[in-house]
There are 2 protein chains.
Amino acid sequence: MSDELLRALDQAGVRLTGPRREIAALIAKRNGHFTAADLIADASKRRLGVGRATIFRLLDLLAEQGLVERVDLPDGRHAYVPCEPSHHHHLVCVACGAIAEVEDCGIDAVTSEASRRSGFTIESHRLELFGRCPNCRSAN
Amino acid sequence: MSDELLRALDQAGVRLTGPRREIAALIAKRNGHFTAADLIADASKRRLGVGRATIFRLLDLLAEQGLVERVDLPDGRHAYVPCEPSHHHHLVCVACGAIAEVEDCGIDAVTSEASRRSGFTIESHRLELFGRCPNCRSAN
DNA sequence: GGGGTGTTGATACTTGGTCTCATTGTGTGC
DNA sequence: GCACACAATGAGACCAAGTATCAACACCCC
């Protein structure tokens, strides 16, 4: 579960400490997105005794490694989603919070068209898709 | 300048108060994106005596009317950009903050492809493009 | 020009995140 | 195995962005 996260941290050359293992386990246990507040609540519920700062620090680290990504939900809150380090986009279920990743699927055409029209050089982009996952749609 | 904003507020059926005129003028005077903090600073620099809350309230109102939109900058901060009420996306110059709007330019193909692959029904999306505007690129 | 009601400013509060610093725990070299 | 340098930690102060509350005010319709 959390092994991938830990392995990646190890490869990044940082120490594998107790708190990091515990937080990684909490992240692995969640599926879909979560907020920093969720993790903090989880940690305090289980009396892990890890501080808020440590959680934010680990999230930063994971984000640097591309193992976790920040997404901005439509309501303006932000969440983190565990994911593969390759470039991709997220599909977020607005009902249950499930996440799907989609690899590049034609966005380059969009960016180059936008670039052509505006004269801008495009360096990066952010695409987030919001909708309903198959389960939530059929449950309706 | 700020006339469009005021006209739109009028049409929205809200009162055209002194503070609203002043804030609208501040927004009109900026080109490109700005943060709420920018407006608050502007207002206090000119001793307009408008409160923070009023500024946030007006931004909300304008956002509801689609005259202003919140974008999340790559560094995680958020900014507001004045814009047309139709659906579109923003191109943000990372060097000077200039904004260009691009109408739909093929994103539907991307969303339907993503939908097909994932089984999600897609309800909305957010696309932000970051790069350099023609001026900043030539200035290097 | 009076009055109902939408709007305002001050201020307290909340949320999400960062900084600091003394203390602790890891991994490395030996 | 052990010691030690230094990365990582927790507690709590701090900060920034935004929201809630509420009495006082001002717009605009009549």
Rounded to whole Å, please give me the gap between CD in B:Glu22 and P in D:dC27. 11 Å

Counting heavy atoms from C-beta on, name the nucleotide in C:dG27, C:dT11, C:dT18 closest to the side chain of A:Phe56. C:dT18

Can you work out whether A:Pro19 or B:Arg15 has the more 5'-proximal nearest nucleotide on DNA chain D? A:Pro19

Strictly below 4.0 Å: does B:Arg70 bring a side-chain N or O up to OP1 or OP2 of D:dG18? yes

Are any of the side-chain heavy atoms of B:Glu84 and B:Glu103 separated by less than 4.5 Å? no

According to a strict under-4.0 Å criterion, is A:Tyr80 in side-chain N/O contact with OP1 or OP2 of C:dG17? yes

Any side-chain N or O of B:Thr17 less than 4.0 Å from the OP1 or OP2 oxygen of C:dT8? yes

Between D:dA16 atom P and B:Leu73 atom CG, what is the distance in whole Å? 17 Å

Do the side chain of B:Arg52 and the base of C:dG9 come within less than 3.5 angstrom through a donor-acceptor pair of N or O atoms? no

Assign each of B:Val14 and B:Ala36 to its nearest nucleotide of DNA chain D by heavy atoms, then name whichever residue's nucleotide is nearer the 5' end. B:Ala36

Do B:Lys29 and B:Asp42 have side-chain heavy atoms sitting under 4.5 Å apart? no

To the nearest 0.5 angstrom, please state how far the CZ atom of B:Arg20 sits from the CG atom of B:Leu5. 12.5 Å

Atom CG of A:Asp60 and atom P of D:dA8 are separated, to the nearest Å, by 13 Å

Is a side-chain donor or acceptor of A:Thr35 paired with a backbone partner of A:Ala79 at a separation under 3.5 angstrom? no

Under 3.5 Å, is there an N or O donor on one side and an acceptor on the other linking the side chain of A:Arg57 and the base of D:dG10? yes

Would you sort out whether B:Asp72 and A:His78 count as a side-chain contact (heavy atoms from CB on, under 4.5 Å), showing the intermediate values? CA-CA 11 Å; B:Asp72 296 282; A:His78 354 128; 5.6 Å; no

Whether A:His78 contacts C:dG17 is assessed here as follows: a side-chain N or O lying under 4.0 Å from the phosphate OP1 or OP2. Is that the case? yes

Between B:Val50 and A:Arg77, just flag the one whose closest nucleotide in DNA chain C comes earlier from the 5' side. B:Val50

Could you state the CG-C1' distance from A:Asp10 to C:dT26, rounded to the nearest angstrom? 12 Å

What is the distance from CG of B:Leu16 to P of D:dC28, rounded to the nearest Å? 6 Å

Give a yes/no answer on whether the side chain of B:Thr54 brings an N or O atom under 4.0 Å of OP1 or OP2 in C:dT8. no

Under 4.0 Å between a side-chain N or O of A:Arg20 and OP1 or OP2 of D:dT9? yes

Could you state the CD1-C1' distance from B:Ile40 to C:dA10, rounded to the nearest angstrom? 14 Å

What integer distance in Å separates A:Ile55:CD1 from D:dA8:P? 17 Å

Atom CG of B:Leu48 and atom P of C:dG9: how far apart are they, to the nearest Å? 10 Å

